[in-house]
Amino acid sequence: MSALRDDTIGIAPSAADDAADRKRRIWAIVGSSSGNLVEWYDFYCYAFFALYFAPAFFPKGDSTSQLLQTAGIFAVGFFMRPVGGWLFGRIADRVGRRTSMVVSVLMMCFGSLLIGILPTYEHVGTLAPVLLLLARMLQGLSVGGEYGTSATYMSEVAIKGKRGFFASFQYVTLIGGQLLASLVLVLLQTVMTAQELSAWGWRIPFFIGAGLAVVALYLRRSLAETKEAGDKETAGTFAELFKHWRAFCVVLAYTAGGSLSFYTFTTYMQKYLVNTAGMPKTSASQVMTVVLFVYMIIQPLFGALSDKIGRKANMLLYSGLGTLMVVPLMTALGTNKDPYLAFALITLGLSVVSFYTGISGIVKAELFPTNVRALGVGLSYALANAMFGGTAEFVALWFKDNGMESTFFWYVTVLMAVAFVGSLIMPNPKVHGYLDGAGTVEEALGKKRRFAHA
């Protein structure tokens with residue numbers, strides 16, 4: 001397949017090639033996002049099946065203690081993300097986006113297969129959690145590179161004027177990975193007993209994920225490359241990225257709140273409904289499955305909205321409304337056992353989060369030039385996720401274990417307020433952006449800085 005053509009890579013398509021070019025772009029979105037779904041399915045299987053396999057890897061104790069240890073390993077996987085963001089971002093900026101995406105999906109699925117065959121604590125003692133930790137580190141390394149590269153690729157192949165809509169499919173498939181993991185959980189809960197799931201059934205979803213790698217590899221190997229030939233000496237380097245440090249800091253600020261709120265209302269929510277609200281495991285799984293389906297299908301709506309009102313407006317709505325909603329929503333959910341009300345409240349929360357997740361990739365990609373785009377997007381996202389998103393469950397469970405559960409709600413609120421500040425500072429990509437804008441991000445941020453010191 002020939003390389004996709006776009007103003008962002010210096011070659012404008014002719015009128016005669018418009019239809020063929022549009023078809024190639026849509027196929028590229030499908031191919032890259034399908035691999036993204038496999039990556040995130042594998043990653044989230046750990047979170048959704050932790051309720052069943054936690055006792056297999058840790059000494060006997062109360063459920064909160066075992067979940068806390070499992071969440072700790074979940075968080076460690078996130079700490080590998082910055083390394084993955086750097087490694088795969090560098091590969092994507094220097095070698096190509098496609099190469100980076102192929103390697104990352106294979107690495108993720110190898111980590112998934114490894115978890116599926118691990119021995120338990122009963123058989124190898126403390127070696128069991130150590131091996132689980134190593135497998136999660138491998139998955140964290142992979143997904144740390146996946147986000148930045150796929151976000152960059154999908155932003156570059158998206159049709160101008162509809163970038164928000166098309167780029168939103170990154171989160172459609174990211175959530176789709178969560179949804180698929182949740183559906184597998186519900187299916188296994190239907191056909192297996194709780195004892196069977198705890199004994200060996202929890203291994204099945206990890207084998208499924210490894211098998212999906214074959215399809216993802218085929219799709220990604222057929223993708224067109226978007227990276228233009230350039231100076232490989234400066235592409236994907238920290239020295240080049242440092243020239244855009246202001247944009248990097250802005251992305252860190254609003255990604256901190258975005259990642260924390262996302263993981264609070266998705267991966268942690270299932271445990272919150274069971275461990276705090278006292279909802280049965282099967283009911284909580286069913287609620288989250290329906291919630292994730294609704295959350296997935298509304299992403300393009302918020303992406304398309306950003307094409308109309310602008311990314312900055314989306315971000316201000318997300319962070320402003322989010323700052324106000326966290327405490328009342330989490331408080332109401334913690335005392336509720338009605339699955340219908342739980343569905344309504346969680347969907348409300350995730351609808352606000354969608355102002356951000358619907359444009360998560362594109363709103364970052366627009367702030368970095370081509371030669372450091374994958375590195376800038378991937379590393380900033382990975383750092384914020386490692387510090388705040390990946391630790392969401394661990395921090396929430398720690399507060400609960402110490403009798404201060406409501407403090408976690410205020411912790412999320414503070415980070416949402418930080419996201420609001422980042423959204424205020426963020427330049428308007430339509431005016432100052434590297435995909436559509438006429439001016440540069442550095443010019444816009446420089447003006448803000450000079451105004452602040454005037």
Side-chain angles (χ1 to χ4, degrees), residues 31-50 52-53 56-57 70 72-92 95-120 123-124 127-150 153 173-174 176-178 180-181 184-185 200-223 267 374 378 381-382 385-386 390:
S32 58
S33 62
S34 296
N36 194 49
L37 184 146
V38 174
E39 285 256 13
W40 291 97
Y41 164 80
D42 286 337
F43 194 76
Y44 285 117
C45 274
Y46 182 97
F48 286 133
F49 283 85
Y52 292 100
F53 70 70
F57 289 98
T70 309
I73 290 182
F74 185 77
V76 169
F78 275 75
F79 288 124
M80 290 301 294
R81 283 191 177 195
V83 180
W86 165 77
L87 176 63
F88 286 96
R90 184 175 175 83
I91 292 172
V95 180
R97 320 303 194 203
R98 182 178 59 184
T99 299
S100 181
M101 289 192 293
V102 167
V103 175
S104 70
V105 76
L106 285 176
M107 184 179 291
M108 169 60 73
C109 290
F110 177 74
S112 184
L113 179 62
L114 184 60
I115 293 177
I117 63 175
L118 284 181
T120 63
H123 294 96
V124 295
L127 182 60
V130 172
L131 292 173
L132 180 63
L133 175 64
L134 291 175
R136 283 299 294 176
M137 290 175 69
L138 186 64
Q139 287 190 318
L141 184 70
S142 171
V143 83
E146 168 66 22
Y147 178 90
T149 306
S150 63
Y153 185 83
T173 49
L174 190 156
Q178 281 188 290
L180 182 58
V184 170
L185 173 58
W200 57 272
W202 60 265
R203 298 180 185 273
I204 295 174
F206 295 102
F207 291 133
I208 292 173
L212 290 173
V214 178
V215 178
L217 176 62
Y218 170 76
L219 290 171
R220 287 196 160 178
R221 288 188 66 183
S222 66
L223 295 179
T267 56
Y381 175 83
N385 265 258

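Counting begins at 1 with the first residue of the sequence.
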Nearest-0.5 Å distance, CG of residue Leu132 to CG of residue Leu127 | 11.0 Å
Within the distance-only criterion (no hydrogens, no angle test), does the side chain of Ser100 pair as donor or acceptor with the backbone N or O of Ile91 below 3.5 angstrom?
-> no
Minimum-distance pair of heavy atoms, taken over all atoms of Ala374 and Ala92 | CB-CB, 3.6 Å
In Å, rounded to the nearest 0.5 Å, how long is the span from CG of Leu37 to OG of Ser150?
-> 11.5 Å
Leu212 side chain reached by Val105 side chain, heavy atoms, under 4.5 Å = no
Between Tyr46 and Phe53, is the ring centre distance below 6.0 Å?
-> yes
Between Arg203 and Leu118, is there a donor-acceptor pair closer than 3.5 Å when you use the side chain of the first and the backbone of the second?
-> yes
Can you name the closest pair of heavy atoms from Met108 and Gln139 and give their distance?
-> CE-O, 3.4 Å
Any donor-acceptor pair under 3.5 Å from Ser104 side chain to Met101 backbone | yes
Keeping the roles fixed (side chain from Tyr381, backbone from Arg81), state whether a donor-acceptor pair exists under 3.5 Å.
-> no
Measure the CZ-CD1 distance between Arg136 and Ile115 for me, rounded to the nearest 0.5 Å.
-> 5.5 Å
Show your reasoning for whether side chain to side chain contact (heavy atoms under 4.5 Å, CB included) applies to Phe206 and Leu113.
-> CA-CA 6 Å; Phe206 295 102; Leu113 179 62; over 6 Å; no
Looking at OG1 of Thr149 and CZ of Arg98, how far apart are the two atoms once the value is rounded to the nearest 0.5 Å?
-> 13.5 Å
Considering the options Tyr52, Phe57, Phe207, Phe49, which one meets the ring pair (Phe, Tyr, Trp, His ring centres under 6.0 Å) requirement together with Trp202?
-> Phe57
Please walk me through it: do Leu141 and Met107 pass side chain to side chain contact (heavy atoms under 4.5 Å, CB included)?
-> CA-CA 8 Å; Leu141 184 70; Met107 184 179 291; 3.6 Å; yes
Drop me the distance from Leu131's CG to Ile117's CD1, to the nearest 0.5 angstrom.
-> 9.5 Å
In short, Leu114 meets Ala135 closest at the heavy-atom pair CD2-CB, 3.8 Å
To the nearest 0.5 Å, how far apart are CD1 in Ile208 and OG in Ser112?
-> 9.5 Å
